[in-house]
Amino acid sequence: MAAPLDLDQLSTFIAIADTGSFTRAAEEVHRTQSAVSMQMRRLEERIGKALFQKDGRTNRLTEEGERLLTYARRMLRLNRETLAAFDDASLEGHIRIGTPDDYADRFLPEIMARFSRSNPRVELSVACEPTTNLVEHIRRGNLDLALVTHDDSKGGSEPVRREPVLWVSSANHTVHEREVLPMAFGRPNCLWRRTACAALEEDGRQYRVLFTSFSATVIATAVLSGLAVSVLPECALRPGMRVLGEADGFKPLPDCHIGLMRGHTGQVEIIDALARHISESLDNLSVPAFIEETGSFDFQSAFLNPRSKRLRPGHVMNGW
């Protein structure tokens, strides 16, 4: 029977992949650089494939290294979950987390599942509200942690994921071709709304805000019904939506960053554990795949494929 993989070697391998350097990885795993190099030689011998290639001073993963990285993260995560399940001193308590519903559908299933498996004694309360409300809840001590749209001008959150913000319309309607563009937005203090309105005004494009709501479901309904155009982060796109680009008269918008805000409510260990799970979950989640001009689109597979590429303007989220 083949010998099992060494978890310490896999942990070092992940550190190298994340830092791009044997030297920095050695600092993270508290080993000498020569010990790290020896671990990787043994891992490559065990796998039978080259895992790294030099790119200047950076160590990049080979294609086989990228394949192993996915498995390595899963194995170490399962190892932590297994130990936590049998740890009588594991975390116990109650933690409150908030997130806008733009992010909830896409990110919460992975976050909640992973955290609950690793911390079965922690009760998780989830609130879905806009970023502005969540920031206020954090300040008042009503939440322990919040996943928010990061605003550089205000600070207060730690960016953990970058998301393209896209112009979207219905795949089955031509509402985006109207002379006066009907729009569906969040409330006036919504960062995406302000950015989109500024872009339309700069281009001299006439528009009228037809629908306003904090609810991502309401905005998506207005778009899918062919009643309005909107702007959404890539993670919030739904089947039946079409991404609009410069060929349609819509210039690219700045990316947004998703950030973590921590409350000052005590429970530091639980907050740190959940924050780590969120960061790892968002790092591992892929993005929607290209939709080929003549091909079909599998919505679920695209989000699960770690090699998926970013969406391009003109692509349609099929399914509605």
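Treat the numbers as computed from the prediction; the structure is a model and nothing was measured. All residue numbers in this chain count up from 1 along the given sequence.
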field: Close side-chain approach of P252 to W167, heavy-atom, < 4.5 Å
entry: no

- request: Look at the side chain of D101 and the backbone N and O of C128, then say whether any donor-acceptor pair between them is shorter than 3.5 Å.
  value: no

CZ/R24: more than 12 non-hydrogen atoms of other groups inside 6.0 Å: yes

- request: Give the C-alpha distance, both sets of side-chain angles, the deciding distance and a yes or no for ring pair (Phe, Tyr, Trp, His ring centres under 6.0 Å) between Y207 and F185.
  value: CA-CA 12 Å; Y207 70 93; F185 286 135; 7.1 Å; no

- request: Apply side chain to side chain contact (heavy atoms under 4.5 Å, CB included) to the pair L237 and L232, showing each step before the final yes or no.
  value: CA-CA 7 Å; L237 300 186; L232 293 174; 4.2 Å; yes

query: Which heavy atom of P239 sits nearest a heavy atom of L224, and at what distance?
result: O-CD2, 3.4 Å

message: What verdict does the salt bridge (Lys or Arg N to Asp or Glu O under 4.0 Å) test give for R238 and D105, after you've listed the backbone C-alpha separation in whole Å, the side-chain angles of each residue and the deciding distance to 0.1 Å?
response: CA-CA 10 Å; R238 302 190 181 191; D105 288 347; 3.7 Å; yes

query: Does L210 reach the side chain of M183, with side-chain heavy atoms less than 4.5 Å apart?
result: no

field: Side-chain donor/acceptor of S169 to backbone N/O of V229, under 3.5 Å
entry: no

query: Mind checking whether V231 and L244 sit in one hydrophobic cluster, side chains of I, L, V, M, F, W, Y counted as touching below 4.5 Å?
result: yes

- prompt: Should the pair D18-R73 be classified as a salt bridge under the 4.0 Å nitrogen-to-oxygen rule?
  reply: yes

query: Got L68 and L51 here, is their nearest side-chain heavy-atom distance under 4.5 Å?
result: yes

- prompt: How long is the span from the NE2 atom in H264 to the CD1 atom in I138, to the nearest 0.5 Å?
  reply: 8.0 Å

message: For E64, is there an ion pair with R67 - N to carboxylate O distance below 4.0 angstrom?
response: yes

query: Do L5 and L7 sit in the same hydrophobic cluster, where Ile, Leu, Val, Met, Phe, Trp and Tyr count as joined when their side-chain heavy atoms come under 4.5 Å apart?
result: yes

message: If I take atom NE2 from residue H257 and atom CG from residue L191, how far apart are they, to the nearest 0.5 angstrom?
response: 12.0 Å

task: Check the pair T62 / Q53 against side chain to side chain donor-acceptor pair (under 3.5 Å), numbers first and verdict last.
output: CA-CA 6 Å; T62 62; Q53 58 187 2; over 6 Å; no

- prompt: What heavy-atom pair brings A273 and F115 nearest, and what distance separates the two atoms?
  reply: C-CE1, 4.0 Å

T195 vs V165 side-chain heavy atoms within contact, under 4.5 Å: no

Validation row: Q39, R31 side chains within 4.5 angstrom (heavy atoms): yes

field: Rounded distance [0.5 Å steps], CD in Q9 versus CD1 in I47
entry: 9.0 Å

- prompt: Where do T99 and L108 land on the side chain to side chain contact (heavy atoms under 4.5 Å, CB included) test, with the steps shown first?
  reply: CA-CA 9 Å; T99 178; L108 275 185; 3.9 Å; yes

Working for side chain to side chain contact (heavy atoms under 4.5 Å, CB included), residues D144 and I270: CA-CA 9 Å; D144 303 299; I270 300 179; over 6 Å; no

statement: Correct closest heavy-atom pair for A216 and D102 would be CB-OD1, 3.6 Å

message: Evaluate E45 against R41 for salt bridge (Lys or Arg N to Asp or Glu O under 4.0 Å), listing each step before the verdict.
response: CA-CA 6 Å; E45 290 171 359; R41 281 198 296 272; 6.0 Å; no

query: Are K251 and D203 ion-paired here, with the side-chain N under 4.0 Å from a carboxylate O?
result: yes

- request: With the side chain counted from C-beta on, respond yes when L124 and N119 share a heavy-atom pair under 4.5 Å apart, and no when they do not.
  value: no

L134 side chain near M261 side chain, heavy-atom distance below 4.5 Å: no

R194 side chain vs N189 backbone, donor-acceptor pair below 3.5 Å: yes

field: Lys/Arg cation over aromatic F250: R205, 6.0 Å, 45° cone
entry: yes

- request: Answer yes if I97 and F214 sit in the same cluster of Ile, Leu, Val, Met, Phe, Trp and Tyr residues linked by side chain heavy atoms under 4.5 Å apart, and no otherwise.
  value: no

field: Short N-O contact, R242 and D248, less than 4.0 angstrom
entry: yes

query: Are R262 and D272 ion-paired here, with the side-chain N under 4.0 Å from a carboxylate O?
result: yes

- request: Please round to the nearest 0.5 Å and tell me the distance separating atom CZ of R74 and atom CG of N79.
  value: 14.5 Å

task: Give the C-alpha distance, both sets of side-chain angles, the deciding distance and a yes or no for side chain to side chain contact (heavy atoms under 4.5 Å, CB included) between L10 and M75.
output: CA-CA 9 Å; L10 294 179; M75 291 176 68; 3.7 Å; yes

Residue R46 excluded, over 12 heavy atoms near CZ under 6.0 Å: yes

- request: Report yes or no: does R96 contribute a side-chain atom to a donor-acceptor pair with the main-chain N or O of S125 at less than 3.5 Å?
  value: no

field: Same cluster (ILVMFWY, side-chain, under 4.5 Å), V36 and F52
entry: yes

field: Sub-4.5 Å side-chain heavy-atom contact between K49 and E44
entry: no

- prompt: Counting only N and O atoms by type, is there a donor-acceptor contact under 3.5 Å from the side chain of S37 to the main-chain atoms of Q33?
  reply: yes

field: Distance-only donor-acceptor check, side chains S21 and T19, under 3.5 Å
entry: no

- request: May I ask whether I258 and V126 are part of the same hydrophobic cluster, defined by side-chain heavy atoms of I, L, V, M, F, W, Y residues being less than 4.5 angstrom apart, directly or through others?
  value: yes

Main-chain N/O of L227 paired with S225 side-chain donor or acceptor, under 3.5 Å: no

query: Can you tell me if E163 and Y103 form a side-chain donor-acceptor pair at under 3.5 Å?
result: no

- line: Separation between CD1 (I111) and CG (L147), nearest 0.5 Å, reads 5.5 Å

